[in-house]
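What follows is a short report on a single structure.
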Protein chains: 2
Amino acid sequence: MKYTPSLDQLIQALQALPGVGPRSAQRMAFTLLEQKRDQANILAQAMTQALTQIGHCSLCRNFSEGDSLCPTCRSDKRRNSGLLCIVESPADVVAIEQTGQYSGLYFVLMGRLSPLDGIGPEDIGLDLLEQRLQQESINELILATNPTVEGEATAYYIADLAKQHTIKVSRIAHGVPIGGELDHVDGTTLSHSFVGRQAF
Amino acid sequence: MKYTPSLDQLIQALQALPGVGPRSAQRMAFTLLEQKRDQANILAQAMTQALTQIGHCSLCRNFSEGDSLCPTCRSDKRRNSGLLCIVESPADVVAIEQTGQYSGLYFVLMGRLSPLDGIGPEDIGLDLLEQRLQQESINELILATNPTVEGEATAYYIADLAKQHTIKVSRIAHGVPIGGELDHVDGTTLSHSFVGRQAF
Ligand SMILES: [Zn+2]
Ligand SMILES: [Zn+2]
């Protein structure tokens, strides 16, 4: 056998991390066991704690801890903005927040429409979004899904929903490269795309 | 705040992994929480288990689980070979085992002599190695430390030890590129370097 049983399991399990294959998993396991046992213990605990503590906000679906509403959804300033920005993932919220250009609310799809993969409207929370469109006073819905085929299709679908509720819809623009991923764009480009958003 | 507290801790802790910076740590944490919660749980458990179960063999210092002697050190065939191969790390043992060319014993330094970093002979177990040279019937010591400045210095130091005990010493040769790392070499090259080992 190449490794001891626990080592083998650790090397297998590390390959759940994105971008980690057998070779880097071995390197990670060996580094942790040879040089970083304390940090490895902290990592194991942090992982368990995150899995236990981190759920989803009942309003925006972003990661939330402790309360059922995240701090963004509890903020009066954010609520009073009348702005609701639709993104695909929590990483997109982080990227947008870093621009400092936006201070409205979010709705995080945790995915995108993808009929081929069996991902329909309810899988990305559009029933919950429709409730919000009915109940909250939203002046403008900003579509910030990724400029990919599926992201665009999702944006069109949501724009239709919003129009049924006669809510103004815009799409972020300018500089987000077509075919790219929103959370890989630099802050300036992303700021620009917020300022230059257009009716959809 | 950019992340929730547990998420922040997880992203920090993931950066203990070699080659993982803030950006890939964020991507890892989000992927685990969004799509791979079961696998993340398995990973946290595998890490805790590995840290609890995996110690070092009392004879060769390689990773060992359960018993104080690893399976290699317990093998009669290996013991009877009279060969003892000195390597810097457990990854080197894995690389050498994969060649299928060697069936002797190992001694794993878990490092290399590095006076500038305060790493002296006892830190790499050379007191234990000397005991073995006295007590066991070793026909040949094969030096397979990395062909770096520190690896070479370590090899010279150990060759001196062995000569004091009138044990034949060889150094693996042929094809391990100078300045490279032993566990990055392909199997053929490494096989070759075992076959072509020379008196040291
Ligand atoms: Zn929220
Ligand atoms: Zn052993």
**Prompt:** Highest number of heavy-atom pairs under 4.5 Å with chain B: which of A:R23, A:Q15, A:Q12?
**Reply:** A:R23

**Complete:** Ranking A:S64, A:A44, A:P71 by heavy-atom pairs under 4.5 Å to chain B gives rank one to A:A44

**Fill in**
When the 4.5 angstrom heavy-atom criterion is applied to A:V93 and chain B, the contacting part is neither

**Item:** Distance-minimising heavy-atom pair for A:A16 and B:K36
**Value:** O-NZ, 2.9 Å

**Prompt:** When only pairs under 4.5 Å are counted, which of B:A50, B:A40, B:P90 shares the most heavy-atom pairs with chain A?
**Reply:** B:P90

**Prompt:** In Å, rounded to the nearest 0.5 Å, how long is the span from CD of B:Q53 to CG of A:L33?
**Reply:** 11.5 Å

**Fill in**
In this structure, CG of A:D92 is separated from CZ of B:F30 (nearest 0.5 Å) by 9.5 Å

**Request:** Using non-hydrogen atoms and a 4.5 Å limit, figure out which bit of A:Q35 sits close to chain B: side chain, backbone, both or neither.
**Result:** neither

**Prompt:** Most heavy-atom pairs under 4.5 angstrom with chain A, which of B:I54, B:L7, B:I42, B:N62?
**Reply:** B:I54

**Fill in**
Those residues of residues 118-128 of chain B that come under 4.5 Å of chain A on a heavy-atom basis, listed by number, are none

**Complete:** Smallest heavy-atom separation, B:N41 atom then A:L51 atom, equals N-CD1, 3.6 Å

**Atom CG of A:D38 with >12 non-hydrogen neighbours under 6.0 angstrom** = no

**Request:** Looking only at non-hydrogen atoms, find the nearest pair between A:T4 and B:F63 and report the distance.
**Result:** CG2-O, 4.2 Å

**Message:** Is any side-chain heavy atom of A:L17 closer than 4.5 Å to one of B:L17?
**Reply:** yes

**Message:** Using 0.5 Å steps for rounding, measure from the CG atom of A:L43 to the OG1 atom of B:T48.
**Reply:** 9.0 Å

**Request:** Following the transitive rule for hydrophobic clusters with a side-chain heavy-atom cut-off under 4.5 Å over Ile, Leu, Val, Met, Phe, Trp and Tyr, establish whether A:V87 and A:L59 coincide in one cluster.
**Result:** no

**Prompt:** Between atom CG of B:L14 and atom CE of A:M28, what is the distance when rounded to the nearest 0.5 Å?
**Reply:** 8.5 Å

**Asked** Which residue out of A:T52, A:V94, A:I11, A:L32 racks up the most heavy-atom pairs below 4.5 Å with chain B?
**Response** A:V94

**Option that, when pairs with chain B are counted at under 4.5 Å, heavy atom only, ranks first among A:Q39, A:M47, A:E65** = A:E65

**Message:** Is A:Q26 close to chain B through its backbone or its side chain, or both, or neither, when contacts mean heavy atoms under 4.5 Å?
**Reply:** side chain

